[in-house]
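Every number for a ligand or one of its atoms is a count from 1 in the order of the listing.
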Amino acid sequence: MSVSLLNKCNSIIHVGDACFGEGQFSLIAGPCAIETPRQMHHIGRVLKENNISVMRGGLYKPRSAPQAFQGLGAAGIDLIKEIKETYNLSFITEAVDKDSLNVIFEVADVIQIGARNAQNYELLKVAGACGKPVMLKRGFAMTYAEWISSAEYLVYHGCHDIILCERGMRTATEVTRFSLDVGAISYAQTDVPVPIFADPSHPAGARNLVLPLSYSAVGAGADGLIVEISDCPDDALCDGMQGITSEELGTLKRTSETIYQSIHA
Ligand code: PEP
Ligand code: MN
């Protein structure tokens with residue numbers, strides 16, 4: 001283990017009914033972006049059916065194109081409250097700056113820092129000091145050491161509940177959106193005590209690649225996955241092509257649990 005500020009962090013993180021890094025596989029699922037009440041109720045029911053207690057979903061979407069849907073922002077807070085209450089769920093959503101952190105604070109049980117902001121040090125300072133668990137995605141051009149340094153910003157500013165999430169690197173790949181660095185998942189498990197998650201959706205970029213990438217991440221030692229699902233993939237305003245169906249979610253959960261148990265036996 002390296003001499004890292006992360007050694008001060010908790011290896012088990014309680015989030016509502018979920019317990020990340022406890023020696024059992026954890027699954028977070030939800031839409032890329034929060035769009036409509038109908039979409040969110042559908043997905044809330046799917047999570048309940050699959051016994052999943054933590055939902056993901058973005059109110060603030062950092063998009064490559066300025067014309068693209070940027071997320072509902074503050075207008076979506078009441079919808080998150082309603083979904084959390086109706087389905088008894090915890091929620092993870094992304095902060096992109098200090099203002100958005102203040103807006104999501106009341107509904108977010110875990111703050112997500114996305115790949116594009118993983119080296120936004122001013123954001124890391126305020127997220128680290130906010131008093132909630134933080135999931136730090138790895139920036140898609142960040143070395144492992146840079147990722148750990150960004151996580152150390154969170155610790156330095158007071159956060160001891162950190163989840164690292166590998167979500168794929170930019171490489172010479174043409175057939176996937178990013179290259180999932182499964183070696184870094186295995187390495188991180190030997191290097192730092194915090195829960196290590198993987199996001200198979202963004203590196204896949206296509207629905208049929210999400211399950212195989214999930215299994216490779218769990219096989220490499222990931223404690224959990226955060227995955228995008230879609231009620232209506234062809235109409236989604238963001239990342240519809242990689243949203244898996246409710247049937248696929250059930251398969252993913254069962255198979256990941258089996259892989260997890262076999263490598264942790
Ligand atoms: C997301 O989770 O929807 C997202 C944008 O992820 P990333 O920051 O890893 O690209
Ligand atoms: Mn997305």
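Among heteroatoms of the N, O or S kind in Glu228, OE2 lies nearest the Mn ion (ligand 2). Per residue Asp239, closest N, O or S atom to the Mn ion (ligand 2): atom name OD2.
Within 6.0 Å of atom OH in Tyr156, 12 or fewer heavy atoms from other residues, nucleotides or ligands are found, so the atom counts as exposed in its surroundings.
Side-chain atoms of Asn50 come within 3.5 Å of backbone N or O of Val46 as a donor-acceptor pair. Using a distance-only test at 3.5 Å, with no hydrogens or angles considered, a donor-acceptor pair links the side chain of Ser262 to the main chain of Ile259. The main-chain N or O of Pro200 is never found under 3.5 Å from a side-chain atom of Glu228 such that the two would form a donor-acceptor pair. Checking side-chain atoms of Ser90 against main-chain N and O of Asp109 turns up no donor-acceptor pair under 3.5 Å. Asp161 places no side-chain N or O within 3.5 Å of a backbone atom of Ile13 that could act as its donor or acceptor partner. A side-chain donor-acceptor contact under 3.5 Å links Arg56 to the backbone of Pro31.
Near Gly114, with a cut-off below 4.0 Å to any heavy atom, the atoms of ligand 1 are 8 (O). Listed by number with element, the atoms of ligand 1 under 4.0 Å from a non-hydrogen atom of Lys137 are 1 (C), 2 (O), 4 (C), 6 (O), 7 (P), 9 (O). Close contacts between ligand 1 and Arg167 involve ligand atoms 7 (P), 9 (O), 10 (O) [criterion: under 4.0 Å to a heavy atom]. Near Gln112, the atoms of ligand 1 lying under 4.0 angstrom from a non-hydrogen atom of the residue are 1 (C), 2 (O).
Not a single N or O atom of Asp239, backbone or side chain, sits closer than 3.5 Å to an N or O atom of ligand 1. When only interatomic distances are considered, the shortest N/O to N/O separation between Lys61 and ligand 1 falls below 3.5 Å.
Contact annotation: Cys238 places no N, O or S atom under 2.8 Å from the Mn ion (ligand 2).
A donor-acceptor contact closer than 3.5 angstrom links the side chains of Glu248 and Thr245.
Interatomic distance, Thr93 OG1 to Ile80 CD1, rounded to the nearest 0.5 Å: 5.0 Å.
When hydrogens are left out, the protein atom nearest atom 8 (O) of ligand 1 is Ala115 N, 2.7 Å; that is the closest non-hydrogen contact. Looking from atom 1 (C) of ligand 1 to the surrounding protein, the closest heavy atom is His202 CE1, 3.2 Å.
Ligand 1 is approached by Arg56 to a heavy-atom distance shorter than 4.0 Å. At least one heavy atom of Cys32 sits closer than 4.0 Å to an atom of ligand 1.
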